[in-house]
2 protein chains.
Amino acid sequence: MMPPQPTRPYHHGDLRPALLRAAVEAIGHAGPAATSLREVARRAGVSHAAAAYHFGDKAGLLTAVAVEGYRLLTEELRGARDAGFLEMGVAYVRFAVRHRAHFEVMYRPELYRPDDPQVRQARAVTAVLLYGTASPDAGRLAAGAAAWSLVHGLATLWLNGNLPEGLGADPEEITRLIAPYLSIPEQ
Amino acid sequence: MMPPQPTRPYHHGDLRPALLRAAVEAIGHAGPAATSLREVARRAGVSHAAAAYHFGDKAGLLTAVAVEGYRLLTEELRGARDAGFLEMGVAYVRFAVRHRAHFEVMYRPELYRPDDPQVRQARAVTAVLLYGTASPDAGRLAAGAAAWSLVHGLATLWLNGNLPEGLGADPEEITRLIAPYLSIPEQ
DNA sequence: CAGATTATCTTGCCACTGGTTAGATCACGT
DNA sequence: ACGTGATCTAACCAGTGGCAAGATAATCTG
């Protein structure tokens, strides 16, 4: 009589990370704006209120995604740091493509709480890597901003399909093709 | 007895452009994702179904905003064409800042219909200006993509508040500061 | 181990949204 | 004057985010 379904326990036990995974998955399908809190909760097999309990609201969930994104980006950049300046740019673009959902949330501050302490701190750590030092002088600041702008623009244009096809289909290769146009004075 | 209110006529008479203006205004306040069709209609003083009549749906309205945006960008770029390469970059950033609502819609293709014929055509016209010719060779293509990526990245990073304060507060000035790091072979 | 407390999750509700349909109002040509 | 088509409203639907009340389970305390 009793259907032998393994009656999912009332308490999930590991819901917060499960919701985060579900959110990244859902955002990957429909983009951050079109992703609903309820859809994320459905993917995780819980009610939408459970998600609200863990993250407060939708902005809270996306804030958590953004924090995770900055941490992943930091990892990616750290891994390329010793391979030189160009490879850090390639790593930036690779991150944007491989972790598209995270990337798209990170640079849509109206969707989350960019002033959240965890966000600020994670972003600060990333910035140190991007500028090469915690207290860059005016020159390094401008050079860093130029490099960052280039790869960031390239990544977003590629994600939106705004780059001409003649450049090829592999964003990392396009980065290697484009980046040499930037001349950063050595140190 | 009859209140002397000038009883708004049943037919607006000029609703389509009025809705477009209202949309740009609303997007300027809350961003494109958080702007509702109903809010736009309210601003124009009509029911939301009236907006749906003229634009089909929300994506249709945003498609119209995007088309208008590409036309405005084309104008801005044309105005700076004779002043040199750098000034075109400055014009691009100026457009993004002055017409923030348009810009934010244009580069969020998931919010509208990027394959709409009018969009494709308007974007193609813009691309010709950006690459300097309708059929760029491989070199020009890469150089153009580099320049475009740089100013596009700069504009989006500035709009999101992701540039360090040390660079100043005027995005056009920042452009003049940053752009020289790009070395484009003359012709 | 019993009882109380706390953490986690569900149900049910609200106002709002985008989209659709039927019908009201009006402009315009003949 | 009349009808036809264009324009707009009213009313409805399913889906959404957020909130409050309550159910369930884990954990702490004696």
Side-chain angles (χ1 to χ4, degrees), chain A residues 2 5-27 29-66 105 108-113 116, chain B residues 2 5-27 29-66 105 108-113 116:
Chain A
M2 292 291 275
Q5 49 182 348
T7 40
R8 183 182 52 80
Y10 192 92
H11 285 72
H12 183 287
D14 202 30
L15 187 51
R16 226 193 103 102
L19 283 170
L20 263 179
R21 278 192 303 271
V24 170
E25 215 178 286
I27 294 169
H29 279 77
T35 296
S36 75
L37 204 59
R38 291 173 114 99
E39 167 64 19
V40 171
R42 268 191 296 269
R43 277 177 190 265
V46 295
S47 79
H48 70 286
Y53 171 77
H54 281 282
F55 295 100
D57 56 4
K58 186 178 178 180
L61 173 58
L62 294 183
T63 299
V65 171
V105 171
R108 269 164 186 70
E110 77 275 12
L111 295 181
Y112 63 101
R113 282 186 278 273
D116 177 279
Chain B
M2 292 290 274
Q5 51 180 347
T7 41
R8 183 182 52 81
Y10 192 92
H11 286 73
H12 183 286
D14 203 31
L15 188 52
R16 225 192 104 101
L19 282 170
L20 264 179
R21 278 192 301 272
V24 170
E25 215 177 286
I27 294 169
H29 278 78
T35 297
S36 76
L37 203 59
R38 293 174 111 102
E39 168 62 20
V40 172
R42 267 191 297 268
R43 277 176 190 266
V46 296
S47 77
H48 72 288
Y53 172 77
H54 281 282
F55 295 99
D57 56 5
K58 187 179 178 180
L61 173 60
L62 294 184
T63 299
V65 172
V105 171
R108 268 163 187 69
E110 77 277 12
L111 296 181
Y112 63 102
R113 281 186 278 274
D116 176 279

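The sequence lines fix the lettering, A, B, ..., with proteins before strands; numbering per chain opens at 1.
- Closest to the side chain of A:Ala49, from the set D:dA20, D:dG17, C:dT17, is D:dA20.
- As a whole-Å value, the separation of B:Leu15 CG from C:dA27 C1' is 16 Å.
- Rounded to an integer number of Å, the gap from A:Phe55 CZ to C:dC9 P is 11 Å.
- Between the side chain of A:Arg38 and the base of D:dG15, no donor-acceptor pair under 3.5 Å is found.
- Comment: B:Glu25 does not engage B:Arg21 in a salt bridge, judged by the lack of any side-chain N to carboxylate O separation of less than 4.0 angstrom.
- Straight-line distance from the CG atom of A:Leu61 to the P atom of D:dG18: 10 Å, rounded to whole Å.
- A pairwise comparison of heavy atoms in B:Phe55 and B:Leu20 identifies CZ-CG, 4.2 Å as the closest pair.
- At whole-Å resolution of the value, CZ in B:Arg16 and P in D:dC8 are 12 Å apart.
- Following rounding to the nearest Å, A:Leu111 (CG) and D:dG17 (P) show an atom-to-atom distance of 12 Å.
- Residues A:Arg16 and A:Ala64 approach most closely at NH2-CB, 4.1 Å, considering heavy atoms.
- In this structure, the separation between NE2 on B:His48 and CD on B:Glu39 is 13.5 Å, given to the nearest 0.5 Å.
- Within the 4.0 angstrom heavy-atom criterion, base atoms lie near B:His48.
- Looking at B:Lys58, its side chain does come within 3.5 Å of a backbone N or O of B:Thr35 through a donor-acceptor pair.
- Residue contacts shown for B:Ser47 include a base, since a base heavy atom lies under 4.0 Å away.
- The distance from atom NZ of B:Lys58 to atom P of C:dC16 is 16 Å, rounded to the nearest whole Å.
- Of the side-chain N and O atoms in B:Arg42, one or more sit less than 4.0 angstrom from OP1 or OP2 of C:dT17.
- For B:Arg43 and C:dT17, the CZ to P distance is 12 Å, given to the nearest whole Å.
- Taking atom CG on B:Asp57 and atom C1' on C:dG19, their separation rounds to 8 Å, with Å as the unit.
- At least one side-chain nitrogen or oxygen of B:Tyr53 sits closer than 4.0 Å to the OP1 or OP2 atom of D:dT7.
- If you check every strand for non-hydrogen atoms under 4.0 Å, A:Ala50 touches a base.
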